[in-house]
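Chain naming here is simple, since letters A, B, ... match the order of the sequence lines and numbering starts at 1 in each.
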There are 2 protein chains.
Amino acid sequence: MLSIGTLSKRTGVKVPTIRYYEQVGLLAAPERTDGNQRRYGPAQLERLGFIRHARDLGFSIEAISALIDLQDHPDRSCVTANAIARTQLSDVREKIARLQRLETELARITTRCEGQGVAQNCYVLASLADHGFCETEH
Amino acid sequence: MLSIGTLSKRTGVKVPTIRYYEQVGLLAAPERTDGNQRRYGPAQLERLGFIRHARDLGFSIEAISALIDLQDHPDRSCVTANAIARTQLSDVREKIARLQRLETELARITTRCEGQGVAQNCYVLASLADHGFCETEH
DNA sequence: TGTAGGGTCTCTAGGGACTAGAGGTTCAAG
DNA sequence: CTTGAACCTCTAGTCCCTAGAGACCCTACA
């Protein structure tokens with residue numbers, strides 16, 4: 001039986017975050033000691049690892065809830081799990097594409113201003129003021 | 001003199017967002033009509049365009065405040081503007097790198113599970129449960 | 001057995017950047 | 001002059017935590 005602090009160290013999830021997950025129903029409420037402190041078993045250690053990993057991959061709490069629900073019903077079809085992961089994948093791809101456009105723009109802006117002039121002639125400021133300076137869409 | 005709605009249409013910034021920017025001090029409080037409605041001049045139209053563009057590029061409100069401050073003092077050195085933009089650029093690059101690692105992982109997970117099986121054997125669920133399945137760091 | 005100190009408890013509030021809604025007022029067109 | 005869209009303020013909600021206050025518990029050591 002692990003205390004919340006030990007669970008935290010094992011999983012890398014901060015103590016208040018664990019309590020938060022319990023509050024929003026992502027992690028089941030654990031047993032308590034006579035003194036009202038939480039004590040976790042190995043199943044909950046594993047589950048929190050699952051949550052952590054999914055969060056690291058950017059899944060929302062809601063999506064993780066759905067995935068956990070599936071885990072608890074191993075006889076169900078995994079179409080849903082697949083759909084959730086695919087949605088997440090396309091989200092990630094969209095974000096990458098968008099960030100790459102920003103990167104291009106920012107790189108261009110910063111290389112043209114070496115930070116040696118004065119605000120009045122600053123290319124960074126001018127670029128931000130006028131979208132027409134941009135070479136890509138964003 | 002533009003109403004808040006017209007300003008919104010011209011810049012693509014939503015009405016409540018414009019009020020929010022005023023509240024947090026990003027946009028100066030404009031003149032008002034006798035009936036207490038906001039009226040904006042061309043300078044504020046331009047400024048909101050600047051803000052919009054910077055937000056689109058992912059700059060924080062705080063960073064934008066600093067940039068606006070520089071705009072208002074055209075005699076100052078633009079070292080700060082340059083530094084802000086460079087920080088933003090490296091933030092964006094970090095995010096891209098991270099998302100690309102996630103993409104690899106998610107792509108792998110989803111291609112190995114076609115959604116035809118049952119949750120018990122689902123590769124998506126298994127991968128999330130056990131970090132050891134992963135091929136990249138994240 | 002007493003005590004020190006770190007860990008834990010609940011509760012509330014804050015953060016960033018908005019977004020939504022309620023309930024009331026003003027403006028401009030017809 | 002009337003209608004109805006646009007505007008006003010204020011509060012609360014979103015997401016996913018994070019921080020703090022004030023009180024209680026647990027364990028190791030003397």
Worksheet entry | Check: B:V13 main-chain N/O paired with B:S8 side-chain donor or acceptor under 3.5 Å | yes
Worksheet, complete the sentence: Between CG of A:L57 and C1' of D:dC16 the distance, given in whole Å, is 17 Å
Discussion item. Strictly below 4.0 Å: does B:R32 bring a side-chain N or O up to OP1 or OP2 of D:dT9?
Written reply: yes
Item to complete: Rounded to the nearest angstrom, tell me the gap between atom CD in A:E31 and atom C1' in D:dC25.
Response: 17 Å
Worksheet item: Of all of residues 86-97 of chain A, which get a heavy atom below 4.0 angstrom from DNA chain D, listed by number?
Response: none
Practice prompt. For the pair A:R52 and A:D56, find out whether any cationic side-chain nitrogen is under 4.0 Å from an anionic carboxylate oxygen.
Written response: yes
Fill in: Whole-Å distance separating the OH atom of B:Y20 from the P atom of C:dG15
10 Å
Nucleotide N/O of nucleotides 10-12 of chain D paired with protein N/O under 3.5 Å:
none

Item to complete: Kindly indicate, with the supporting measurements, whether the criterion side chain to side chain contact (heavy atoms under 4.5 Å, CB included) is fulfilled by A:I96 and B:E103.
Response: CA-CA 9 Å; A:I96 290 173; B:E103 193 208 342; 3.7 Å; yes
Item to complete: Would you kindly give the NZ-to-P distance between A:K9 and C:dT8, to the nearest whole Å?
Response: 7 Å
Discussion item. Strictly below 4.0 Å: does A:R38 bring a side-chain N or O up to OP1 or OP2 of C:dT10?
Written reply: yes
Worksheet item: Of A:Q37 and B:N36, whose nearest nucleotide on DNA chain C comes first from the 5' end?
Response: A:Q37
For residues 57-68 of chain B, please give each side-chain donor-acceptor pair under 3.5 Å, one per line with the distance, not counting sequence neighbours.
{"from": "B:S60", "atom 1": "OG", "to": "B:E62", "atom 2": "N", "distance (Å)": "3.4"}
{"from": "B:S60", "atom 1": "OG", "to": "B:A63", "atom 2": "N", "distance (Å)": "3.0"}
{"from": "B:S65", "atom 1": "OG", "to": "B:I61", "atom 2": "O", "distance (Å)": "3.4"}

Worksheet item: Does OP1 or OP2 of C:dC27 have a side-chain N or O of B:T33 closer than 4.0 Å?
Response: yes
Discussion item. For D:dT18 and A:T17 - does any side-chain N or O of the residue sit under 4.0 Å from the phosphate oxygens OP1/OP2?
Written reply: yes
Fill in: A:I84 reachable from A:V79 in the ILVMFWY side-chain graph, under 4.5 Å edges
no
Fill in: Rounded distance in Å - CE (B:M1) to C1' (D:dC7)
17 Å
Fill in: Short side-chain N/O contact to C:dA17 OP1/OP2 from B:Y21, under 4.0 Å
no
Fill in: Atom pair distance, as rounded to whole Å: CG in A:D34 and C1' in D:dC26
12 Å
Worksheet item: To the nearest angstrom, how far is B:I61 atom CD1 from C:dT19 atom C1'?
Response: 14 Å
